[in-house]
K.L.:
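Can you read through this structure? Questions will come right after.
It should be emphasised that the depicted structure is a prediction, and the values quoted were computed from it without experimental measurement.
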Amino acid sequence: MRDVRILSTGSLLELQRRLRAAGGENIRASMQRRIRRAAEPLRDDLQSTMRGLDIAAPPRRGRPGGPSPTTRPLRATIAESIRISVRTTGGGAGATVWVDKSRLPPDLKKMPETINTGRIRHPVYGNRRRWVQQNATPLWWDNTVRRHTPRIEREVGRVLDDVRRRLT
């Protein structure tokens with residue numbers, strides 16, 4: 001699972017130079033806002049996919065389990081950490097949709113990648129002598145990104161064309 005970066009670096013860098021020369025702060029702010037708007041449906045869909053992700057537990061054997069050792073909701077915690085950042089300057093110009101690991105508890109920092117593999121192996125109710133594997137929909141991040149990429153690329157292309165027209 002990687003950060004999603006919608007970049008057309010050559011076009012954005014060329015526009016950035018022209019914007020700076022034209023002193024177009026207004027145009028730059030508009031471009032940044034429109035690129036963010038193009039990426040927002042992807043972020044929203046990633047968040048809703050995570051919230052609705054089916055994580056199946058194996059059938060129980062023997063005694064029923066006890067209460068969960070943690071009260072925080074796993075899917076909602078991960079969904080809330082999905083962010084967008086937009087840069088219109090420098091080498092990394094473009095939109096990035098990413099999981100902000102600083103917003104995750106220390107024990108969940110690797111969980112988005114783990115869930116994306118489709119297999120979650122963890123101790124049973126915190127008992128490190130007994131482990132279980134749960135299955136989730138594999139590639140939830142990758143498939144959602146793949147669905148949105150053509151639309152985002154078209155929208156960012158339109159934004160760049162509009163900015164070029166305003167500068168000429």
K.L.:
Using residues 35-45 as the side-chain source, report each donor-acceptor pair under 3.5 Å to any protein atom, sequence neighbours left out, with the distance given to one decimal.
P.N.:
from	atom 1	to	atom 2	distance (Å)
Asp45	OD2	Arg147	NH2	3.0
Asp45	OD2	His148	NE2	2.8

K.L.:
When you compare the side chain of Ile78 with that of Met111, does any pair of heavy atoms fall below 4.5 Å?
P.N.:
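A side-chain contact exists here, since the closest heavy-atom pair is under 4.5 Å.
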
K.L.:
Going by side-chain hydrogen bond (donor to acceptor under 3.5 Å, both in side chains), name the residues that satisfy it together with Arg34, two or more places apart in sequence or in a different chain.
P.N.:
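For Arg34, the residues satisfying side-chain hydrogen bond (donor to acceptor under 3.5 Å, both in side chains) (neighbours in sequence not counted) are Asp162.
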
K.L.:
Do Asn116 and Trp140 come within less than 4.5 Å of each other through their side chains, counting heavy atoms only?
P.N.:
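Yes; the side chains approach each other to less than 4.5 Å.
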
K.L.:
So do the side chains of Asp161 and Arg165 get within less than 4.5 Å of each other, counting heavy atoms only?
P.N.:
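Yes, their side chains come closer than 4.5 Å.
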
K.L.:
Would you sort out whether Trp141 and Val99 count as a side-chain contact (heavy atoms from CB on, under 4.5 Å), showing the intermediate values?
P.N.:
CA-CA 10 Å; Trp141 178 275; Val99 175; 3.7 Å; yes

K.L.:
Counting only heavy atoms not in Arg119, do more than 12 sit closer than 6.0 Å to its CZ atom?
P.N.:
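No, because the 6.0 Å sphere around CZ of Arg119 holds 12 heavy atoms or fewer from other groups.
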
K.L.:
Going by side-chain hydrogen bond (donor to acceptor under 3.5 Å, both in side chains), name the residues that satisfy it together with Arg154, two or more places apart in sequence or in a different chain.
P.N.:
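None.
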
K.L.:
Could you list the residues that satisfy side chain to side chain contact (heavy atoms under 4.5 Å, CB included) with Ala136, not counting sequence neighbours?
P.N.:
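Result, side chain to side chain contact (heavy atoms under 4.5 Å, CB included) vs Ala136: Leu53, Ile55, Ile115, Ile120.
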
K.L.:
What side chain to side chain donor-acceptor pair (under 3.5 Å) pairs are there with at least one residue in residues 99-109, not counting sequence neighbours?
P.N.:
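For residues 99-109: Arg72-Asp107, Asp100-Ser102, Lys101-Glu113.
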
K.L.:
Is there side-chain contact between Thr77 and Pro105, with heavy atoms separated by less than 4.5 Å?
P.N.:
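The answer is yes, as the side chains (C-beta and beyond) meet within the 4.5 Å cut-off.
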
K.L.:
Mind checking side-chain hydrogen bond (donor to acceptor under 3.5 Å, both in side chains) for Gln32 and listing every partner two or more places apart, or none if nothing turns up?
P.N.:
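Once residues adjacent in sequence are excluded, Gln32 has no partner under the side-chain hydrogen bond (donor to acceptor under 3.5 Å, both in side chains) criterion.
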
